[in-house]
A.B. asks: 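My questions will all concern the structure given below.
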Amino acid sequence: MEIPRDDLVAMYAAMVKIRYFEERIREIYLDDKLPAFDIAAGRIPGEMHLAAGQEPVAVGVMPHLKDGDAITATHRPHHIAIAQGVDLQQMAAEIFGKDTGLGHGKGGHMHLFSIHPEFGCSGIIAEGMPVAVGAALAFKKQGSDNVALSFFGDGAANQGAFHESLNLAALWNLPVVFICEDNRYAISVPKEASTAIADNSDRASAYGMPGVLVPDNDPVAVYEVAREAIARARDGGGPSLIEVETDRLWGHFEGDMDAYRSDEFKAAMAERDPMKTYPARLLSEGVLTPEEQEQLIKEAHAAVDEAIAFAESSPYPRPEDALLHVFA
Amino acid sequence: MEIPRDDLVAMYAAMVKIRYFEERIREIYLDDKLPAFDIAAGRIPGEMHLAAGQEPVAVGVMPHLKDGDAITATHRPHHIAIAQGVDLQQMAAEIFGKDTGLGHGKGGHMHLFSIHPEFGCSGIIAEGMPVAVGAALAFKKQGSDNVALSFFGDGAANQGAFHESLNLAALWNLPVVFICEDNRYAISVPKEASTAIADNSDRASAYGMPGVLVPDNDPVAVYEVAREAIARARDGGGPSLIEVETDRLWGHFEGDMDAYRSDEFKAAMAERDPMKTYPARLLSEGVLTPEEQEQLIKEAHAAVDEAIAFAESSPYPRPEDALLHVFA
Amino acid sequence: MTTLTERKLTTQKAIAEAIAQEMEADESVFVMGEDVGVYGGIFGATEGLLDRFGPDRVMDTPISETGFIGAAIGAAINGMRPIAELMFVDFFGVCMDQIYNNMAKIHYFSGGNVKVPMVLTTACGGGYSDAGQHSQTLWGMFAHLPGMKVVVPSNPYDAKGLMIAAIRDDNPVVYMFHKGVLGLGWMTPNPRAIGPVPEEPYTVPLGKAAVAREGTDVSVVTVGLTVHRALDAAETLEAKGISTEVVDLRSLVPLDREAIVASVRKTHRLLVVDEDYRSFGMTGEVITTAIEGAFDYLDAPPARIAVPDVPIPYSRPLEQFVLPDADKIVAGVEALMAG
Amino acid sequence: MTTLTERKLTTQKAIAEAIAQEMEADESVFVMGEDVGVYGGIFGATEGLLDRFGPDRVMDTPISETGFIGAAIGAAINGMRPIAELMFVDFFGVCMDQIYNNMAKIHYFSGGNVKVPMVLTTACGGGYSDAGQHSQTLWGMFAHLPGMKVVVPSNPYDAKGLMIAAIRDDNPVVYMFHKGVLGLGWMTPNPRAIGPVPEEPYTVPLGKAAVAREGTDVSVVTVGLTVHRALDAAETLEAKGISTEVVDLRSLVPLDREAIVASVRKTHRLLVVDEDYRSFGMTGEVITTAIEGAFDYLDAPPARIAVPDVPIPYSRPLEQFVLPDADKIVAGVEALMAG
Ligand SMILES: Cc1ncc(C[n+]2csc(CCOP(=O)(O)OP(=O)(O)O)c2C)c(N)n1
Ligand SMILES: Cc1ncc(C[n+]2csc(CCOP(=O)(O)OP(=O)(O)O)c2C)c(N)n1
Ligand SMILES: [Mg+2]
Ligand SMILES: [Mg+2]
């Protein structure tokens, strides 16, 4: 099936926005901490898991979503939230711990919750998987044709919640699509030291659901596989499992020395960086002109800069507001 | 491969012992509680999960075990413990809550722990599965050729611990055999309402380990499949998953009205009761004579009666002994 | 208020009725859990619901507590009001991440934007030789972790009203019913487990203790089945000339600290009784609450009776030794009066 | 005892050294957990071990806490002495069944026949904006559940001695290290996180508190990082003429009740400081212990400072508001002295 030009371009625009967002966050995060790294210091304290390199997984899925669809993501959530269209200013403000943030500064970068679009993430591996099943269950009960997407890492596929979630989704024939971001590492542990088989997509058969491996970190390949899976879910055809081989370009979190990955591995990743390969393809195929590209980059950067400026200039919550929102 | 006559007969003898044990326990359990059933009352209080009908799973595996092998079992543990040769007197005494019991009355029927042979069980679904993996890990580290067996129910196969355990065992190539007792029900919930695929043995492929379905509740069929799996584990060939279709003849626990299973289902189970079919086969094939059978039954019953008499005549622990054994 | 014509129900039936009435009134309420369907719940909390509401609203689940409790969260966020049953509270360990890190925290993390209106029902308590993985109460642990309300009814009237309040509450509520207060036909008979229950829906507010019996000499503060034990003890003590006030906390979160303090200010003596483990739990919290609010009123150091930090043993004499009962409460009060 | 030539280590290095020495001495000791190998543990507890002992004894695991902690139990029963690392204590919910229902209870269920000699190491504590799923201490919850020892070192010397004692103990020991006492290069510098540590193996007994600073006017009882906060506060208070005794509990199970009571009998005033949630936790237990053992000695009602029953918020001003610090301790002590 052909892919509309708009989608091809929109995916690229989202990728640019994501990468630039991650770069800006990284810069600000490290700026305040180096040379004597203090994780508690700076405008953005705490752990920071960035997704540079994994943009294709997020943007390839998003063109198929519609209003009311729900996403649960992981400790590495920015790319997915941005692709889905979560308010960038509120998201940035949350990461800066500001009162204007999605959670008034209570959640931080691992706990971004948005209602429109519906997005949630968490710091516990595989924690969002059953929640996506539950969102899909609600959709089914309510007779809507919305779908839920659950993103998770290769490391998460060995957590019990993976198994229970896929079984439930298949058993109840729910509109949920499980998307494994296989960057081959769970922090320092390579997939072959954690996973008894080569491809998690093969585990779909344990639940009688379709499982597809996308072996390239390519937005178009993701797009095509996700289109089918999401359409099937929307039509009442039940859940699927998609595994995308992707790259985490940077350390697991900022500050990670990344000593467990070889220089060759890192060089190979840089080589195949989708931020190089994808636009090159769009340009060479004439989908995009250099001028359009420049314009698109400018706009994406402006949106990010604006969001970060908003975050920086926003006030902190009052200390005693810590006591609010335990209960509704 | 041929099956030694001794094994065929030993399996039958164990079956007789198990069934008679379960019958005696049931009788005593209910005797003290009916007509006004009070779960707290009588010589054997609390929940009671009996395994009548599931004897083939236990006895088919046991001839392949040797000294030092370890077993973890479930809330329905008697048949396995008896087949393995756990001290029957101490086991009965534990069920009666006596000081002479395996755990001095602290554990009761769901928490039977024996050191020689090594047996443990638990009241939490799938809880024993990782423990068996750990026993196998110890065996491997110690360079022994012992194996660990983990028994669990069809219901347990949807618990996260199942997934994590099988993955770990396969990843580390451990000598453990997972044995699913598929009696098609988890309390009142039929397998098709809990499990997205027909056969849990097919889930072995999600871990790259062999998975075999034994579709008959037949000790000989179990024997053959277990022989191969245990030999492979012992030889360093790694774990396997065996699923045996079996029958829970009675309620989930004693007192269960069993209203969720049809009369036809129950009649069909009674029809194929292995306590009828297996000896009939042994007799017709000339493996056993009626005289030998009678003798064997007499001995098995005597052992059980003796164990129960021992339990009944043993003293209770002193109340204040409740404070002992929290810490070693 | 009790009249001869008043309808009486067991606590179990009161719970099932409350759920049924809310399901009737609100399409978004549904039930999920192991054996909640044709079995009606192992402890009958969902008795009759499958027949009335069908399998889409009364959903049997696999033994996948992480999966289905997490799914309840997702459904709650998306406009439903699920009731998820954890068959025994003792099983919390296989799914606690969803309960305490997710269900209880999403509202806070979201800065109040996302609501998680769900009820987690669960059976607790021992006394019938079900051993250490089926007899715990563990409410102190749930109450320690912020973000969930924790409700523990002791009688049929409260059970219905608290359940309806829990379902209507916009927060996650852990509704813990002690097996011994349910009035089940297969448990040791308990005359206090049956009582008048209005037919129409009503609520009992979460976070309000009840004075189960007024007294002037000593306050016994407790929750769940031991409310019954304390009431029994109070009768014995009355005969001995000691007037015992029994405070039924009814919920641990919110904890009605005012009720605790008020009772202690009145009686000047406090005995806390708990079927949970003694240390780092409810007894310490209630005593500390009294210290914080009524230190100068105390005629004796507050005392406590609880499970002495051992797993619940199986054998009857062992189990009876560790569980609070009326005799121990009587002895505890007498020691307090002497002290 | 400290001399100029004494070797100093950070708490983190002291922990790693303790493990290494026990692995050296005892073939049955091994380590498993996420990123314990080439990474050396996210908080460095296993630094250098992989190089020294190889992957068979320093095993990286999948993110399968139920699986590998359960496996540690099985290995412990079968002659090994595993050390299993739960990366952050906040993750307990995915594996608590193995921890509390299995690891902690098997010895009891077996009537003392089966031993489970294992150490569960885990990082805890906040203060660096890691938000509500990576900043908790939760030790009150572990201490509430019987069957496991619970150790919380506050300094390098104790960390090494307690770790060696934990490994040699025949019981399951939960060894909780607060990130803020480790002396990690990437955390806010803490001068108290480095100190003299003997090279040779030694033990610090489990269940014995330490008087971290002697004083006569008030006892501050606490554990973990807040020991440092209390010591800082004590210096400020000293300048104000208040002599503060700081008691470092070092382990919550066994709880050194005698040390608590002795200190309160001496000072007549008690402030309990805890980085865990306030209600149903350590503060209530320590206060109740003082009430039980030193009621008549108290000149004022004991007080407490703890996290005010909210999840740990991310944003710095919010987090600082909820965490105990030296200023709050100073204010708390001053209020106590006034009361
Ligand atoms: C239950 C649980 N265990 C461990 C962790 C610590 N942890 C955070 S991220 C991570 C690795 C995750 O790997 P993967 O799922 O592949 O995602 P990636 O980081 O590669 O995107 C681990 C182990 C956690 N957050 N939750
Ligand atoms: C984690 C957990 N969830 C639920 C239960 C309650 N429970 C006890 S037995 C049982 C059914 C088990 O079914 P299955 O595994 O098929 O074993 P069977 O009883 O059929 O032998 C359930 C749900 C439990 N003990 N532990
Ligand atoms: Mg990964
Ligand atoms: Mg079954």
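A, B, ... follow the sequence lines: proteins, then strands. Residue 1 opens every chain. Hydrogens, waters and symmetry mates are skipped; everything else that's a heavy atom, side chains included, is used.
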A.B. asks: Quick one: side chain to side chain contact (heavy atoms under 4.5 Å, CB included) partners of D/Val322, sequence neighbours excluded?
C.D. replies: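 D/Val322 satisfies side chain to side chain contact (heavy atoms under 4.5 Å, CB included) with A/Ala322, D/Val307, D/Pro308, D/Val310, D/Pro313 once adjacent residues are dropped.
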
A.B. asks: Kindly indicate whether the side chain of D/Val218, heavy atoms from C-beta on, has any atom under 4.5 Å from the side chain of D/Leu270.
C.D. replies: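 No. Closest side-chain heavy atoms not under 4.5 Å.
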
A.B. asks: With a 4.5 angstrom heavy-atom cut-off, is it the side chain or the backbone of D/Leu255 that approaches chain C, or both, or neither?
C.D. replies: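 It is the side chain, since no backbone atom gets that close.
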
A.B. asks: Are D/Val253 and D/Leu206 close enough that some pair of their side-chain heavy atoms sits under 4.5 Å apart?
C.D. replies: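 Not in contact.
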
A.B. asks: Below 4.5 Å from any heavy atom of chain C, which atoms of D/Ala303 appear? Answer side chain, backbone, both or neither.
C.D. replies: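 No part of D/Ala303 comes within 4.5 Å of chain C.
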
A.B. asks: Could you go through the side-chain contact (heavy atoms from CB on, under 4.5 Å) check for D/Val94 and D/Ile63 one step at a time?
C.D. replies: CA-CA 10 Å; D/Val94 302; D/Ile63 310 174; over 6 Å; no

A.B. asks: Testing D/Val152, D/Val223, D/Val273 for side-chain contact (heavy atoms from CB on, under 4.5 Å) with D/Met282, which one passes?
C.D. replies: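 Testing D/Met282 for a side-chain contact (heavy atoms from CB on, under 4.5 Å) against D/Val152, D/Val223, D/Val273 leaves exactly one candidate, D/Val223.
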
A.B. asks: Is it the side chain or the backbone of D/Phe295 that comes within 4.5 Å of chain C heavy atoms, both, or neither?
C.D. replies: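 Only the side chain of D/Phe295 comes within 4.5 Å of chain C.
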
A.B. asks: If you define the side chain from C-beta out and look only at heavy atoms, does anything of C/Met141 sit under 4.5 Å from C/Met96?
C.D. replies: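 Contact flag for C/Met141/C/Met96 side chains = yes.
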
A.B. asks: Give every donor-acceptor pair between chain D and chain C closer than 3.5 Å, one pair per line, or write none.
C.D. replies:
from, atom 1, to, atom 2, distance (Å)
D/Asp90, O, C/Tyr100, OH, 2.8
D/Asp90, O, C/Asn101, ND2, 2.9
D/Gly93, O, C/Met96, N, 3.3
D/Gly93, O, C/Asp97, N, 3.1
D/Met96, N, C/Gly93, O, 3.3
D/Asp97, N, C/Gly93, O, 3.1
D/Tyr100, OH, C/Asp90, O, 2.8
D/Tyr100, OH, C/Gln136, NE2, 3.2
D/Asn101, O, C/Gln133, NE2, 2.8
D/Asn101, ND2, C/Asp90, O, 2.9
D/Lys105, NZ, C/Gly132, O, 2.9
D/Lys105, NZ, C/Gln136, OE1, 2.9
D/Gly132, O, C/Lys105, NZ, 2.9
D/Gln133, NE2, C/Asn101, O, 2.8
D/Gln136, OE1, C/Lys105, NZ, 2.9
D/Gln136, NE2, C/Tyr100, OH, 3.1
D/His144, ND1, C/Ser279, O, 2.8
D/His144, ND1, C/Phe280, O, 3.1
D/His144, NE2, C/Asp276, OD1, 3.2
D/His144, NE2, C/Asp276, OD2, 2.8
D/Arg257, NH2, C/Ser279, OG, 2.8
D/Asp276, OD1, C/His144, NE2, 3.2
D/Asp276, OD2, C/His144, NE2, 2.9
D/Ser279, O, C/His144, ND1, 2.8
D/Ser279, OG, C/Arg257, NH2, 2.8
D/Phe280, N, C/Glu285, OE1, 2.8
D/Phe280, O, C/His144, ND1, 3.1
D/Gly284, O, C/Thr288, OG1, 3.4
D/Glu285, OE1, C/Phe280, N, 2.8
D/Glu285, OE1, C/Arg304, NH1, 3.0
D/Glu285, OE2, C/Arg304, NH2, 2.8
D/Thr288, OG1, C/Gly284, O, 3.4
D/Glu292, OE1, C/Arg304, NH2, 3.4
D/Glu292, OE2, C/Arg304, NE, 2.8
D/Arg304, NE, C/Glu292, OE2, 2.8
D/Arg304, NH1, C/Glu285, OE1, 3.0
D/Arg304, NH2, C/Glu285, OE2, 2.8
D/Arg304, NH2, C/Glu292, OE1, 3.4

A.B. asks: Any idea which of C/Gly284, C/Gly140, C/Pro302, C/Pro311 has the most non-hydrogen atom pairs under 4.5 angstrom with chain D?
C.D. replies: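 Option with the greatest count: C/Pro311.
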
A.B. asks: Are the side chains of C/Leu86 and C/Phe92 in contact, using a 4.5 Å heavy-atom criterion?
C.D. replies: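 They are in contact (side-chain heavy atoms under 4.5 Å apart), so the answer is yes.
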
A.B. asks: Looking at chain C, which one of D/Ala104, D/Ala131, D/Gly132 has the largest number of heavy-atom pairs inside 4.5 Å, strictly under?
C.D. replies: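 That would be D/Gly132.
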
A.B. asks: Answer yes or no: is there a side-chain heavy-atom contact under 4.5 Å between D/Val247 and D/Val220?
C.D. replies: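 They are not in side-chain contact.
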
